[in-house]
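Structure first, then comments.
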Amino acid sequence: MKDGIRIDGRKPDELRPIKIEAGVLYRADGSCYLEWGGNKIMAAVYGPREAMPRHIQDPTKAIVNARYNMVPFSVEDRKRPGPDRRSVEISKVTSEALEGVIFTELFPRATIDVCIEVLDAEAGTRCAGITAAAVALADAGIPMRDLPVACAAGKVDGTVVLDLTSDEDKEGDADLPIAIAPRTEEILLMQMDGHMTPAEFDEAVELAIKGCREVSKLQREALMNKYKTFEVE
Amino acid sequence: MEIPEVKRVSAVKRDYLARLAKEGKRPDGREPDEYRPIKIEKNILRNAEGSARVRIGNTMVMAGVKADIGEPYPDSPEEGAMSTSAELPPIASPEFESGPPKPDAIELARVVDRGIRESGYIDMSKLCIEPGEKVWIVFIDLHVLDYDGNLFDACSLAASAALQNAVLPYEKFDLGENKPLPVTSPPISCTFVKYEDFIVVDPSLDEEQIAQARFTVALDKEGNIRAIQKGLKGTFTIQEIKNIINRAQIHARNIRKLLEE
């Protein structure tokens, strides 16, 4: 951090470049490819479909089952395939965040499966994953109260900044990923680690919400683009 | 690919494909010797030492190469090692489930591994750092993202493309400058399936679902055979296999051109 400019040249309240594309997979009911800084994420949605085995079914509503997975070559040192404790936790909080906006009561005994594959990672993968999953859910036509969106803020060298890079995450003082329902700005997910004063926390939440609003616009554009380019043969 | 769930094909579809086969036609209008469009994108990931995304029609596979330092095998103290794994994650198909690799994924990884290993695509003798102590271990991970048939060829091609531009990260281990992974010429895999005595290349998912037998052959630059895998319950005659290998020669040459572009 030097003269209010960060190591990658961004201002404190600036996002990394983001690219979102909806409907990129053939087999999935809905899908999204997202690049966010150095993150590359593929998300897909299957369902609503019958939940199997039967004993996991809920007779009153659908289950939302998100699976966050990092591929072995997505990180510096090869990660062994399969879920570790970190990805199990992220899968759980992601499922809960998405369930918050889905009209699950419309699909009793069903499951809505959300697959999030991190192909290349550079800090902020859970926010990128939720953002991609939301677009994939909309692409799959899942009825939702709102289109969830996620973004992180943090603290580096005593300054509150938006959307940390991996160096800032490692060297920084705090990281605060949040997901919101942008229409009402209700919080769907919030995690934090590090050290912030209550005043810094307030500032960080406000900044993260501002980031979410920007990303939300890109999500909507991506969904509209899919249908803009659709031509009848 | 033996996936019990996918195997349940409706009688209507089965009859339809069988009727087309009798007329020598395929469900998507291709000739028996026609691949779907192949698209190869190389070096698209930052954290992988080498990477590639390959599409064959709607099938999409991502391959990533990682290199680590380890001990050589006692019987080859001056040679590096390689390991190939494949994942069929639930993102790629409604029938795939998460969990440890099932027999299909293991067969897939082993067939891809065999083609690369037996063609000597990676020059193992140049992967030695300290004889008997330290060598490079090359990990090839295949991640299927969209499954519409013919994973054998898509994965093999993705692995070859990812290895082609891979870098050995000497700097990461303070061993000097990074070097390109020493490779020779890649194996090219061609897969055929047989249903109703109709033998077609590059099966789509529909065709795989009703296939009685499957045949994969990996050819080197000279057109010599480096690996073979026959799969599924059905049988081939010797003559059929000879024909398949002849047909594969032409496909392998075309695909090799695409890969070297």
Residue pair A:Asp58 / A:Thr60, side-chain donor-acceptor N/O under 3.5 Å: yes
Testing the 3.5 Å rule here: is there a donor-acceptor pair between the side chains of B:Asp123 and B:Ser125? yes
Among A:Ala43, A:Ala121, A:Ser31, which residue has the highest count of heavy-atom pairs closer than 4.5 Å to chain B? A:Ala121
Which region of A:Val114, side chain (C-beta onward) or backbone (N, CA, C, O), has a non-hydrogen atom less than 4.5 Å from a non-hydrogen atom of chain B, or is it both or neither? neither
Under 4.5 Å from a heavy atom of chain B, the part of A:Arg67 involved: side chain
Could you tell me which portion of B:Asp141 (side chain, backbone, both or neither) has an atom closer than 4.5 angstrom to a non-hydrogen atom of chain A? both
For the interface with chain A, which of B:Ser51, B:Ala67, B:Pro94 has the highest count of heavy-atom pairs at distances below 4.5 Å? B:Pro94
Sort B:Met62 into side chain, backbone, both or neither according to what part of it lies under 4.5 angstrom from a heavy atom of chain A. both
Could you look at B:Ala92 and say if it's the side chain, the backbone, both or neither that has a heavy atom under 4.5 Å from chain A? backbone
Could you tell me which of A:Glu117, A:Lys40, A:Met42 has the largest number of non-hydrogen atom pairs under 4.5 Å with chain B? A:Glu117
If we ignore angles and hydrogens, is there a donor and acceptor under 3.5 Å between the side chains of B:Gln229 and B:Arg110? no
Counting heavy-atom pairs under 4.5 Å to chain B, which of A:Gly47, A:Gly82, A:Ser74 comes out on top? A:Ser74
Whether over 12 other heavy atoms sit under 6.0 Å from B:Glu177 CD: no
Do we see a donor-acceptor contact under 3.5 Å between the side chains of B:Asn58 and B:Asp146? no
Without hydrogens or angle criteria, can the side chains of B:Asp153 and B:Thr191 be said to hold a donor-acceptor pair below 3.5 Å? yes
Most contacts with chain B, counted as non-hydrogen pairs under 4.5 angstrom, among A:Asp29, A:Ile116, A:Asp77, A:Asn69: A:Asp77
Whether B:Trp136 and B:Phe173 hold their rings parallel, tilted or perpendicular, with breakpoints at 30° and 60°: perpendicular
